[in-house]
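Just so it is clear: chains get the letters A, B, ... in the order the sequence lines come, proteins before strands, and each one is counted from 1.
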Amino acid sequence: MKTINDFIIQPNIPSPIFTPDDWVSIDIEMFGMQRGKFHRPVGEFACLAVTNDGERVWVYKNVDDLGTFWRSIEYANLILQNASFDVYHLRRWIPFPPRESLHDTMLVERILYNGYYEDFSLKALARRYLKAYVEKDVAKEFEKATTLTDDKIEYNARDTIIQWRVAQEQMKLMKKSHRRVYYEVDLPAMWAFLDFKGPLIDTERWRQIAEENATTAECTFNKFQEKWGINVRSVPQLKKWFKEYLHIILESTGAEVLDSVSKKHPEAQEILDYRKIEKRRSTYGLSWLKKYVEEDGRVYTHYDPSRAESGRTASSDPNLQNIPVRDTPVFRECFIAGEGNILVGGDYAQQEIRCAAHLSQDKNLIDLLASGRDIYSEIASMIHGEKVEKDDPRRQAAKSVVLGTIYGLTYIGMARREGMSEEEAIALMDNFFDLFPKLRDWMTNQQRATEYVKTAMGRKCWLNPHNSQAIRNALNSPSQGSAADMMKIAVGLLHQRWDTNLEPFPAILQVHDELQLEVKEENAECAKELLRNCMMEAGERVIPSVKTVVDIKSGRHWGDVH
DNA sequence: GGAGACGGCGCC
DNA sequence: AAAGGGCGCCGTCTCC
């Protein structure tokens, strides 16, 4: 039995020219990386290890040899762990165009086991597949070191060995459906995300808003301090104060609880008002500018495809998928088009509902979604047997039922959220499901799932039987995950079809059902058409039985195009 | 002073 | 806080 220490570092580079039959595992190590900036050009090249058999390893120690390295792997199939990192940094020195034959052990593991495991690090994979314990202390040394040592080189070599051997095991486990999801959905999306450019920020406008918010928030904070003698940001102190002075025991100080007591205790409303401004100060304030906006005025988020158990993409450093929009559109208005450019955006209308319609094959819902009418008004009208207009509160209730349904809402939750009796909630939901019987059947069926559920593309989402949320995951993951499949396919298609002779790949933002581009004004029309085509084609591929609707807009800033 | 848990809340 | 899913980031608090 070979251990992960059974490998031989080859005395000389370069490595041989690998052939199209070779599977070559490569791993880069960097000096001076900082947390939160793994996707930025910081840090220096440390070394790079290569193996095509899981035993012999070539280690490149000089950045000047990377050109030679590139020629050796130009035709090979590649194996990487979290390829996005290695490719991003290698591109600082050598070309690294997208290639179809790349096995990313982390992405593949997510496709095999999202929801089943939580840890997709190389250390976890070594334990899982090779029954090997990997000491990661050396990895930390790279952060501060500037010179190579033998143990660092060995560490680098060992990682490529692990990757290579793990990949062999994963390939045995990958069925046709796994390969389809990986090669048609996640991998093309990964290549696309690597080429996203950073959106441009109207720094001065943001700063002005942020300064105002900071002043207001600090002033309010101090007033609470003076009046109440507590740090109002502290949940324990807040609870204690409410108990002592208002004689009320708060189970939580979350918005819903505070709102429920705010009629009787106006202090609760004061807290809620403060929390709003405090959120803007802390999360979307001056520190955001300082931390994330770079010298060119742009922010460079990191997209992690399939980070979520459902397969959704996540954004971080900064997270651009939770920039305020409801109460304060100003922040999105600070995402602007550069000189001579324009923003072009597309979003899927009722994306998750359409996914649910496809998955359940409910003909009534499919037909309604194809009709082009306002589905919430229509459903409310059908439930109540009379015309319900857009401003009728019964439309909102119907919307809650529809959206709640795909989140696994129960009648108790429905009653609570809509402020109705449980009987009313039961009646409303019953009436709703009477209209869409196959949706009801599908949901009943989903709840019976014990091991996993699947998206429309066949992506598995494993359920945790020890988690009380498993039932709601079973109801939601297929819709959420199918929508994520759709967006990733769209992003991949756009990336493949974008003509870089016009200008470099122009995508700047992906917010689940929304994709934004920043293009030269003269390219706006062809960008709109291509964006629509890619999004529509992805929709037709993932949910062929349901009409896909894409709204395309353009404008000077993000507020214009949402 | 850093790490991690927790509560809270921004978005889809 | 709860009988609505999925994230990431902030501040507080605790521990080391």
Atom CD of A:Gln237 and atom C1' of C:dT12 are separated, to the nearest Å, by 9 Å
From NZ of A:Lys488 across to P of C:dC7 the rounded distance in Å is 12 Å
Residue pairs passing the salt bridge (Lys or Arg N to Asp or Glu O under 4.0 Å) test with at least one member in residues 395-406 of chain A, sequence neighbours excluded, are A:Asp374-A:Arg395
Picking from C:dC7, C:dA3, C:dG6, the nucleotide nearest the side-chain atoms of A:Ala314 would be C:dC7
Between CD1 of A:Ile230 and P of C:dC13 the distance, given in whole Å, is 10 Å
Atom CZ of A:Phe221 and atom C1' of C:dT12 are separated, to the nearest Å, by 11 Å
From the candidates C:dG11, C:dG8, C:dC13, the one with an atom nearest any side-chain atom of A:Arg233 is C:dG11
Distance-only polar pair, side chains of A:Ser477 and A:Ser310, donor-acceptor under 3.5 Å: no
For the residue pair A:Glu518 and A:Gln516, confirm or rule out a side-chain donor-acceptor distance under 3.5 Å. no
Sorted by chain and residue number, the side chain to side chain contact (heavy atoms under 4.5 Å, CB included) partners of A:Thr548 (sequence neighbours excluded) come out as A:Tyr348, A:Met536, A:Ile543, A:Val550
message: Can you see if the side chain of A:Arg307 gets near the phosphate of C:dC7 - specifically, an N or O under 4.0 Å from OP1 or OP2?
response: no
Whole-Å distance, A:Met414 CE to C:dG5 P, equals 16 Å
Rounded to whole Å, CE of A:Met429 lies from P of C:dA3 at a distance of 15 Å
To the nearest angstrom, the CG-C1' distance between A:Leu403 and C:dA3 comes to 17 Å
message: Classify A:Thr313 by what it touches in the nucleic acid, base, sugar-phosphate, or nothing, heavy-atom distance under 4.0 Å.
response: nothing
Residue pairs passing the ring pair (Phe, Tyr, Trp, His ring centres under 6.0 Å) test with at least one member in residues 246-282 of chain A, sequence neighbours excluded, are A:Phe224-A:Tyr274
Letter by letter from the 5' end, nucleotides 4-12 of chain B scores (B base, S sugar-phosphate only, - none; protein heavy atoms under 4.0 Å) ---SBBBBB
Within residues 437-452 of chain A, the residues having a heavy atom closer than 4.0 Å to DNA chain B are none
Side chain to side chain contact (heavy atoms under 4.5 Å, CB included) with A:Tyr411: of A:Glu423, A:Met420, A:Met429, only one passes, and it is A:Met429
Salt bridge (Lys or Arg N to Asp or Glu O under 4.0 Å) pairs touching residues 424-440 of chain A, sequence neighbours excluded, are A:Asp430-A:Arg440, A:Asp434-A:Arg440
### Message
Is the phosphate of C:dG6 approached by A:Asn473 (side-chain N or O, under 4.0 Å from OP1 or OP2)?
### Response
yes
Validate the cation-pi geometry between A:Arg233 and A:Phe221: distance from NZ or CZ to the six-membered ring centre under 6.0 Å, angle to the ring axis within 45°. yes
Ring centroid separation for A:Phe193 and A:Phe196, is it under 6.0 angstrom?
yes
Checklist entry - Which whole number of Å gives the distance between the C1' atom of C:dA1 and that of B:dC6? => result 14 Å
